[in-house]
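The shown structure was predicted, so the numbers you read here are calculated from the model rather than taken from an experiment.
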Amino acid sequence: MAFDKFISITPGLHRYAVEHSSFRDGVVPNVERAGEEMGELAAMQIAGDQAAFITVLVAATGARRALEVGTFLGYGAIAIARGLPSDGRLLCCELDEDYADRARAHLRAAGLEDRVEIRLGPALDTLRAMERAERFDFSFIDADKVEYADYFEEVLARTRRNGLIMIDNTLRGGTVLEPGDSESARVTAELNDLLATDGRVDVALLGVADGITLARKR
């Protein structure tokens with residue numbers, strides 16, 4: 001007899017998970033509220049359990065150089081920067097100037113501004129303008145979904161051997177099973193298929209949040 005090895009996360013269970021994770025102190029509640037006040041755009045901000053997971057992961061892997069593609073209000077950037085050592089560095093790519101300004105303010109309030117640089121402009125342009133020799137230990141991709149495959153290639157080329165890439169929203173609310181007319185779901189599903197057989201990386205697609213893919217460069 002087969003048994004399911006997963007559970008369905010209810011809102012109450014998710015709150016429980018968040019409340020029993022780290023990353024609840026300092027400026028964090030203020031940044032969470034700032035995201036919630038964005039209405040429908042609030043979905044662009046990762047949840048507290050995912051943020052705690054990122055901080056633990058960055059610290060546990062000993063990352064010193066990190067990259068974020070898509071910064072929004074800086075919640076994810078705070079999670080990454082908290083996991084870095086005091087001399088670690090995080091480079092963020094953000095398209096919207098207002099979001100970048102608000103992210104800088106939140107990072108400043110968190111005492112992490114000196115570890116983080118935010119570069120304005122289309123993420124692909126920012127990535128392609130980097131030196132090919134530049135290398136990162138940890139990267140988080142969470143921007144325009146239809147460009148995910150291009151982001152991944154540019155980030156992978158700048159990831160050190162054994163470095164880790166986290167890609168957000170890789171289940172797209174379940175629509176990857178039947179993308180229909182959704183371009184973002186189709187592109188994400190295609191990327192998931194490619195990564196599952198990509199000999200350059202080891203991959204784990206986790207049923208956390210809206211789907212998180214971890215790709216370790218071989």
Side-chain angles (χ1 to χ4, degrees), residues 2-7 9 17 21-23 46-47 49-71 76-77 79-85 88-93 123-124 126-128 130-177 179 184-218:
F3 294 93
D4 289 339
K5 297 186 179 180
F6 59 90
I7 62 171
I9 299 292
S21 299
S22 300
F23 200 71
I46 62 174
D49 55 342
Q50 186 178 352
F53 179 50
I54 289 173
T55 301
V56 170
L57 201 59
V58 171
T61 57
R64 304 182 68 83
R65 290 273 297 159
L67 172 67
E68 182 181 52
V69 181
T71 299
I80 297 169
R82 279 188 169 189
L84 295 172
R89 293 293 178 267
L90 167 62
L91 174 60
C92 298
C93 306
L124 277 178
T126 301
L127 292 169
R128 288 167 177 166
M130 291 180 192
E131 294 291 336
R132 298 293 289 187
E134 190 158 13
R135 289 292 178 269
F136 296 95
D137 307 306
F138 176 87
S139 297
F140 181 42
I141 299 175
D142 185 21
D144 185 358
K145 311 311 174 192
V146 299
E147 295 188 329
Y148 259 25
D150 292 327
Y151 293 149
F152 177 76
E153 289 300 326
E154 295 297 330
V155 171
L156 183 66
R158 293 164 179 80
T159 300
R160 68 164 172 81
R161 186 171 178 270
N162 210 39
L164 192 64
I165 301 170
M166 177 185 286
I167 309 171
D168 201 20
N169 304 112
T170 48
L171 292 180
R172 299 298 298 152
T175 58
V176 289
L177 296 178
S184 61
R186 177 185 58 78
V187 170
T188 304
E190 290 174 355
L191 177 61
N192 291 341
D193 289 343
L194 289 171
L195 291 180
T197 58
D198 193 326
R200 300 171 296 174
V201 291
D202 292 319
V203 171
L205 202 171
L206 307 177
V208 176
D210 188 28
I212 299 171
T213 293
L214 297 177
R216 182 190 72 89
K217 187 172 182 178
R218 292 178 175 174

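Once rounded to the nearest 0.5 Å, the distance linking CZ of F53 with OG of S22 reads 13.0 Å. Here the CZ atom belonging to R172 is positioned 7.5 Å from the OH atom belonging to Y148, to the nearest 0.5 angstrom. L195 contributes atom CG, which lies 6.5 Å from atom OG1 of T213 (distance to the nearest 0.5 angstrom). For the atom pair D198 CG and K217 NZ, the distance stands at 11.0 Å (nearest 0.5 Å). How far OG of S184 is from CG of D144: 9.0 Å, rounded to the nearest 0.5 Å. If you take CG on L214 and CD1 on I165, they are separated by 10.5 Å, rounding to the nearest 0.5 Å.
Judged by distance alone, the side chains of R135 and T159 never bring a donor and an acceptor atom under 3.5 Å apart. Donor-acceptor pairing under 3.5 Å is recorded for the side chains of K145 and N169.
Among all heavy-atom pairs drawn from L67 and C93, the shortest one is CD1-SG, 4.1 Å. Summarising the geometry of A189 relative to P179, their closest heavy-atom pair is CB-CG, 4.2 Å, with the distance given to 0.1 Å. Closest heavy-atom contact between V176 and A185: CG1-O, 4.1 Å. The two residues G207 and L171 make their nearest non-hydrogen contact at CA-CD1, 4.3 Å. When all heavy atoms of I46 and G76 are compared, the pair lying nearest together is CD1-CA, 3.9 Å.
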Checking side-chain contact (heavy atoms from CB on, under 4.5 Å) for the pair I141/D168: CA distance, chi angles, key distance, verdict? CA-CA 6 Å; I141 299 175; D168 201 20; over 6 Å; no
With side-chain contact (heavy atoms from CB on, under 4.5 Å) as the criterion, how do L191 and V187 come out once you've worked through the C-alpha distance, each side chain's angles and the decisive distance to 0.1 Å? CA-CA 6 Å; L191 177 61; V187 170; 5.5 Å; no
R158/E131 under salt bridge (charged side-chain N to carboxylate O under 4.0 Å, His left out): CA gap, chis, key distance, verdict: CA-CA 9 Å; R158 293 164 179 80; E131 294 291 336; over 6 Å; no
Intermediate values then yes/no, side-chain contact (heavy atoms from CB on, under 4.5 Å), V56 and F23: CA-CA 10 Å; V56 170; F23 200 71; over 6 Å; no
Does the side-chain contact (heavy atoms from CB on, under 4.5 Å) test come out yes or no for R200 and R216, once each step is laid out? CA-CA 8 Å; R200 300 171 296 174; R216 182 190 72 89; over 6 Å; no
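By the 4.5 Å heavy-atom criterion applied to side chains, T55 and I80 are not counted as neighbours. In this structure the side chain of L84 reaches within 4.5 angstrom of the side chain of L90, judged on heavy atoms. By the 4.5 Å heavy-atom criterion applied to side chains, V58 and D137 are not counted as neighbours. The shortest distance between side-chain heavy atoms of F140 and I167 does not fall below 4.5 Å. Contact annotation: the side chain of R128 approaches that of E154 to within less than 4.5 Å [non-hydrogen atoms, C-beta and beyond]. Inter-residue side-chain proximity for F138 and R160 is flagged as unmet; no heavy-atom pair is nearer than 4.5 Å. A heavy-atom distance below 4.5 Å is not found between the side chains of D142 and E68. When side chains are defined from C-beta on, T175 does not count as touching L177, because their heavy atoms never get closer than 4.5 Å.
Within a 6.0 Å sphere centred on CZ of R218, other residues, nucleotides and ligands contribute more than 12 heavy atoms.
Looking only at distances, no side-chain donor or acceptor of D210 sits under 3.5 Å from a matching main-chain atom of T170.
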